[in-house]
Every structure is written in C-alpha cells, then in structure tokens.
There are 2 protein chains.
Amino acid sequence: MSTERPHRRPTITDVAARAGVATSTVSRALSRPERVNVHTREHVLAVVEELGYVPNPAARALESGRTRTIALLVPDITNPYFAGVIKGAERAAAAAGLTLVLGDTQESAATEEQLVRRLGRSVDGFVLSATRLPDDDLRRAAEAGPVVLVNRAARGLPCVVADYDSGTRQIVDHLASLAHESFVFAGGPAESWSGHRRWLGLQAAADAAGLEPHRFGPYSPTMSGGPAAADAVLASGTTAVVCHNDMLAIGLMRRLAQRGAMVPRDISVVGFDNIVGADFCTPPLTTLAERSEDAGARAVEALALQVNSRAPHAATQLLPTQLVIRESTGAPRSPASGASEAPGR
Amino acid sequence: MSTERPHRRPTITDVAARAGVATSTVSRALSRPERVNVHTREHVLAVVEELGYVPNPAARALESGRTRTIALLVPDITNPYFAGVIKGAERAAAAAGLTLVLGDTQESAATEEQLVRRLGRSVDGFVLSATRLPDDDLRRAAEAGPVVLVNRAARGLPCVVADYDSGTRQIVDHLASLAHESFVFAGGPAESWSGHRRWLGLQAAADAAGLEPHRFGPYSPTMSGGPAAADAVLASGTTAVVCHNDMLAIGLMRRLAQRGAMVPRDISVVGFDNIVGADFCTPPLTTLAERSEDAGARAVEALALQVNSRAPHAATQLLPTQLVIRESTGAPRSPASGASEAPGR
DNA sequence: TTGAAAGCGCTAACAT
DNA sequence: ATGTTAGCGCTTTCAA
C-alpha cells in the first residue's frame with residue numbers, strides 16, 4: 001500500500017517550475033503551440049504529461065468569461081421526445097467540446113425562469129426546448145447570452161422547429177382519405193407554442209380538405225391527461241382525435257379501451273412525436289414523426305456557433321416531419337352500420 | 001429603442017463602491033449575513049438588488065476549489081429507466097443547490113472513462129449509473145473526488161442498488177407458482193453489474209424453488225436486442241424467459257408476435273425495470289419494478305453529503321423492488337394439450 | 001521566442 | 001463590525 005495522500009493537483013506553476021520556464025510559456029505551449037519554439041514546446045508537453053497536468057476550467061473561465069458549458073432546459077426529461085432531444089444535444093455538445101448541463105423545468109414557466117437565472121452565470125448559452133416562457137422573457141435571456149430555441153419561434157432568436165405546416169397537412173389528408181368528416185384536437189398546455197402551431201396547422205389543413213376541426217382541452221401532455229381527454233372525446237361522438245402528443249394519445253387509448261371503445265373502429269387516434277412506445281402500444285399509434293435527436297443536435301450546433309463567434313444570428317431551421325401510419329387510424333364506421341344505433345335486435 | 005449596449009455585469013467591487021463599503025463586507029453580507037451589522041447588511045443587499053448583482057461562480061470556484069456542480073453519467077439517456085434516474089437526480093440536485101451535468105456514455109466503458117476525465121476538473125463529484133467501468137477505474141475515480149454508484153457495488157464506494165435478491169426471488173417464485181419448471185435468462189452486456197446480480201439471484205432462487213435456469217446472450221439491452229433473443233428462446237423450446245431489462249423484453253415480444261408465438265400461452269416473459277411502456281405494450285409486461293427516480297435522488301443526496309462534508313463514507317443503500325404482474329406471464333401449456341404437438345389434425 | 005507582471009472576481013486571513 | 005490584502009490558476013499584455 002503506497003502512502004497515497006490525495007496530493008494537490010499540479011498547477012501551471014508546477015509545470016513551469018519543473019520545466020524551467022515561465023508559466024506564460026506553458027500556457028502558450030498549450031493554447032497557441034505555434035507561438036513557442038518547437039523544442040521547448042515538446043519539453044513542456046512532456047512535463048505536462050509527466051505531471052498529469054490538466055488546466056483548471058474555473059481559472060480559465062474567470063479569465064475569459066466563458067465556461068465552455070451550455071445548458072439544455074426541457075419540460076420533462078421522462079418524456080421520450082425530450083429524451084431524444086437530450087441525446088442529440090449531448091452528442092453534439094461532446095463533439096463541439098462543450099459540457100452540457102441539463103435542467104428539467106417540470107412543465108413550469110416559473111421553474112424555467114428560475115433555472116435560467118440560476119444557471120445564467122455558469123453557462124455560455126442556453127438551448128430552450130419547448131419553452132413555456134413568454135417572448136419577453138426569451139428576449140431578455142437572449143440579451144444576457146446566446147439562446148437557441150427548439151420547437152418554439154420568437155422573432156430575432158435562432159430556432160429549430162419541426163415543419164408543422166407540412167405535418168398537420170399530412171395528418172388531415174390522411175384522415176380525409178379515410179373519409180372522416182371532422183376531428184377533435186385534444187390540446188396540450190396553453191403556453192405550448194408547438195401545441196399552438198399544431199392547432200393552427202390542423203385548422204388550415206382541415207379548411208383546405210373540407211374537414212371540421214374541434215379543439216378540446218387543455219390536457220396534461222402526459223399519460224395522465226388521457227382519461228379526461230378520452231371521456232370528452234367519447235362524449236362528443238367524434239370519429240377521430242388528434243392528440244397534442246403521443247403520451248397523451250397513449251393515455252387516451254388506454255382509457256378508450258377501458259371504456260370499451262375500439263380503436264380505430266370507433267375512433268381513430270393520431271399523435272405527435274413518434275416516441276419509442278408509439279410502435280408497441282395497442283394499437284400501434286399513427287403519429288407525426290419529428291426528428292428529436294436531430295433537433296437537439298442542430299440546436300447545440302447553432303449555439304456552439306454563437307458561443308464561439310460571439311456573433312448572434314437568428315436563422316430558423318425547419319426539420320422535416322413525416323406521418324407514420326400505423327394501426328390507430330382507419331375509416332369511420334359508416335353511420336348506417338353503426339352498432340350503437342342498430343335498430344331492432 | 002434604447003441604446004442597450006450589453007453592459008458589463010456588475011462585480012462585487014461595483015457593489016462595494018456603490019454601497020461605500022469594502023468588498024469583503026459585501027461578500028460577508030452575502031455568504032455570512034450574521035457576521036455583519038444588520039443595518040449595513042440591509043444597505044448592501046439593497047445595492048445588490050439595485051445593481052442586479054450575481055456572484056460569478058467561476059471566481060467562487062477558483063477560490064474554493066468547488067464548483068457546486070456534479071455529474072451524472074448514464075449508459076443511455078433514451079432508456080426510460082435512466083430517464084427516471086435522471087429525473088430523480090435532477091430534482092435532488094436542484095434541492096441541494098447543485099447543478100447537474102449529464103453525460104451519455106453510449107454503453108461504452110471507453111466513452112465513460114473519457115467523460116470522467118474530461119469532466120473531472122469541472123465537477124465536485126460523480127454519480128455513475130450502471131457504470132461499465134471496472135473496479136480499478138472506479139477506485140481511481142473515487143480518489144480524485146466523491147463518487148456514488150447506482151446499481152453497481154464496489155468495495156469502499158457508496159452505492160444505491162436495487163434489492164435484486166428479493167426481486168429475483170419474487171420472479172422465480174411467480175414462475176414456480178405458475179408451474180414452470182425451467183426458464184431462460186436473456187442476458188444483457190457482459191460488463192453489466194446489475195445483469196450479473198440478476199443472474200446470480202435468479203440462479204439462487206431457481207435452486208431454492210427447484211427450477212432449472214439457463215442463460216442466453218449477451219444481447220443488446222435495447223429493443224434491437226429482441227430479435228436475436230426471441231429466436232434463440234424459440235429455438236430452445238423454453239416456457240419462460242426472463243429478460244435483462246424491459247426494453248429487451250419488449251423487443252423480444254415483438255419478434256415473438258411476428259413469428260406467431262403467443263405470450264404468455266407459448267412463452268411467458270418477464271422484464272426488469274418497469275419502465276413507462278411496460279404497462280402499455282402487448283401484452284402488458286410482468287416486470288420487476290425498481291425505483292429509478294428514488295435511486296437517482298438518493299445517489300445525489302449521498303453525493304451532496306460527501307461534497308459538503310468532504311467526508312467520504314461508503315454506505316450501501318438498498319432500494320426495495322417489487323414484481324408487477326401483468327399479462328405476459330401465465331401457466332405453460334401442459335405438454336399433452338400443446339397445439340404444436342397435437343397428433344392427427 | 002520567452003519572461004515578468006498585472007489582473008479576472010471572489011473569499012479568507014489578518015488588522016483595525 | 002469592517003477594511004486591507006493576499007492569493008486561487010490562468011491568460012495576456014508588455015518588455016526584453
């Protein structure tokens with residue numbers, strides 16, 4: 001057993017002393033290798049290696065004002081959609097040499113605002129995913145440092161959003177081709193920008209296709225929002241329901257099953273997100289696939305650009321969406337053969 | 001439009017000057033309020049408020065050597081089990097005033113090791129969840145700073161683990177009570193400690209209950225591992241399979257369905273984790289529930305303790321497990337009535 | 001090409 | 001109770 005006292009980590013001074021040079025030389029050898037004699041550089045690097053020296057990021061941050069750390073805020077980590085965003089962001093951050101701090105805002109604007117404030121000084125920028133913050137707060141945040149939005153647009157801020165215009169059109173066209181004449185949109189949180197866009201898109205597409213859209217809700221965008229939505233939908237007698245997201249759709253389908261309604265025979269169900277699980281729930285869910293990992297990755301890349309260049313730019317990146325048709329959608333029962341109104345018998 | 005130049009953030013010096021006191025007084029007023037005259041304190045705090053002063057964490061970190069940041073490393077963020085761990089960890093970290101950095105190791109020991117090195121200087125400690133690192137590496141990491149393990153035990157390191165002894169007994173007893181006489185364990189990655197423990201527990205419990213256990217694998221602990229496992233299981237003719245985790249179990253059941261095998265009629269399936277999705281897959285999965293959020297939270301709490309007290313301690317926290325019986329398990333077909341061997345016909 | 005020295009913003013002795 | 005001062009580890013002028 002060696003006398004392993006937890007020895008102090010070597011500092012740049014230690015390296016300089018050991019190498020017989022000034023600290024500034026060590027610093028240069030590390031960050032601007034070309035500005036130091038190749039010979040001394042190699043010597044310095046050898047000592048660095050020998051001592052296992054690693055620069056202290058706090059000291060660097062103090063000097064430069066940048067931490068090489070960015071924050072990603074999501075409404076709910078356990079929602080598989082955001083898990084995808086996180087994964088993509090994590091990968092892109094690692095690739096850009098940035099450290100990723102994660103925050104769960106618990107679907108709350110207040111929590112989100114607090115996190116932005118708390119983390120503001122420790123990070124170089126934010127990726128705000130499905131933020132619940134009003135535009136004003138967003139712009140204020142953007143004044144303090146780079147901000148990139150995911151699935152939310154705000155004038156002057158860069159963002160990565162799914163192409164909901166195309167997506168909602170795909171959904172409505174699908175429903176129309178099945179001969180549905182109207183549908184219900186089971187909405188999510190009122191502050192949800194993507195929910196708003198989805199509804200706008202659905203209305204426009206319905207208008208174009210001659211369907212009649214109705215909006216219910218708001219419901220919690222989780223499985224627990226399902227029962228309320230299902231009951232309302234059942235009571236309405238609609239033939240199709242488009243849900244704010246897959247979690248809600250799955251929760252809704254469970255309740256539907258409990259209440260004896262068959263999907264899609266009695267009601268067709270469509271979701272948004274195409275989360276893991278949408279393919280193995282019962283019945284497998286027809287849903288609009290977004291590229292969540294791509295979204296996370298693109299957002300971080302855009303942020304990295306701003307962090308590095310210090311140049312704010314406000315491009316909007318539109319990510320394609322694609323309707324994945326599974327078994328939760330079908331033709332509505334024709335009124336004449338509807339079991340519930342079968343005469344006689 | 002105001003001439004909003006992005007003015008320099010106020011420092012402690014600005015506050016001191018404005019308040020007409022020394023910087024140390026400001027510092028004290030903020031961190032040790034009781035050690036400063038109530039009157040001056042209030043004045044200082046007012047100025048702090050007025051200027052919108054927020055301490056620079058980098059400067060604090062440089063001085064104290066602590067960053068009030070901890071890292072959580074998980075093998076795969078998109079696995080709902082780890083999403084739970086992350087959520088719990090995030091909540092506990094916020095409660096303890098710690099910032100949480102997240103790392104996805106992509107099921108790779110090399111990536112994990114790299115992350116530990118890269119983040120080592122920027123965080124006060126690590127929570128390593130289902131780490132793939134060998135004991136030696138773990139101990140080395142623990143020398144550099146506090147480490148808490150989730151679902152992995154290593155001598156001398158604090159950890160939070162699920163009670164697999166009880167859990168595997170529950171599984172085997174359930175299978176035995178259904179009159180299964182043997183079962184297959186579809187194993188996960190060879191480096192997985194929890195996989196190892198699960199297998200050990202299953203063997204012991206099987207021994208006690210008089211069942212015959214077989215181990216197949218390793219398989220990828222994801223849905224994509226399912227097909228290989230399903231095919232092997234089918235070929236073996238076993239009546240029951242216990243899968244390394246729910247993702248694998250669900251992937252396996254899909255393949256089983258594709259190949260025309262009925263669950264549980266032809267084969268009973270058991271998973272580990274009780275992820276979201278285990279309740280709405282087809283058929284709903286019998287699985288051993290772990291308290292993933294609790295695990296994440298406990299681990300962070302244990303880490304916070306070490307970070308604050310600087311006192312290493314190595315307690316093992318055992319989290320209860322509970323078998324959730326759903327519809328993927330049932331009695332094996334009695335050999336006499338087996339459809340596949342029905343004579344004649 | 002290299003070295004000396006001045007901070008970055010904050011906290012913690014040490015003085016008063 | 002408050003002020004003065006010396007760093008924490010690093011980068012960056014400015015000189016040599």
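Chain letters run A, B, ... following the sequence lines, proteins first, then strands; residues in each count from 1. Side chains are part of it too, since the values below use all heavy atoms of this structure and drop only hydrogens, waters and symmetry mates.
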- prompt: Do side-chain atoms of A:Q306 reach the backbone of A:P146 as a donor and acceptor pair under 3.5 angstrom?
  reply: no
query: Could you state the CZ-C1' distance from B:R121 to D:dC8, rounded to the nearest angstrom?
result: 12 Å
- line: For A:A110, the side-chain contact (heavy atoms from CB on, under 4.5 Å) test, sequence neighbours excluded, returns A:S108
message: Each nucleotide in nucleotides 11-16 of chain C should get exactly one letter: B, S or -. Can you fill that in based on protein heavy atoms under 4.0 Å?
response: BBB---
Protein-nucleotide distance (B:R9, atom CZ; C:dC10, atom P), rounded to Å: 11 Å
- prompt: Taking CG from A:L62 and C1' from C:dA6, how many angstroms apart are they, rounded to a whole number?
  reply: 13 Å
- prompt: Do B:R152 and B:D135 sit within salt-bridge range, that is, some charged N less than 4.0 Å from a carboxylate O?
  reply: yes
message: Rounded to whole Å, how long is the line connecting atom CG of B:N56 with atom C1' of D:dC8?
response: 13 Å
- prompt: Atom CG of A:D14 and atom C1' of D:dC8: how far apart are they, to the nearest Å?
  reply: 13 Å
query: Got B:L30 and B:L45 here, is their nearest side-chain heavy-atom distance under 4.5 Å?
result: yes
query: Under 4.5 Å between any side-chain heavy atoms of B:T99 and A:R118, yes or no?
result: yes
field: Student check: side-chain heavy atoms of B:R91 and A:D104 closer than 4.5 Å
entry: no
- prompt: Within the structure, does a side-chain N or O atom of B:T25 lie under 4.0 Å from either OP1 or OP2 of D:dG3?
  reply: yes
- prompt: Do you know which two heavy atoms are closest between A:L51 and A:P10, and how far apart they sit?
  reply: O-CG, 3.3 Å
task: Round to a whole Å and report the spacing from CZ of A:R68 to P of D:dC10.
output: 17 Å
- request: Using five pairs at either end of the helix from C:dT1-D:dA16 to C:dT16-D:dA1, determine the angle between the two local helix axes and round it to 10 degrees.
  value: 40°
query: Rounded to the nearest Å, what distance is computed from the CG atom of residue B:N37 to the P atom of nucleotide D:dG3?
result: 11 Å
statement: Minimal heavy-atom distance between B:A162 and B:N151, with the atoms involved, is N-OD1, 3.1 Å
field: Distance in Å, A:R140 CZ paired with A:L133 CG, rounded so as to fall on 0.5 Å steps
entry: 9.0 Å
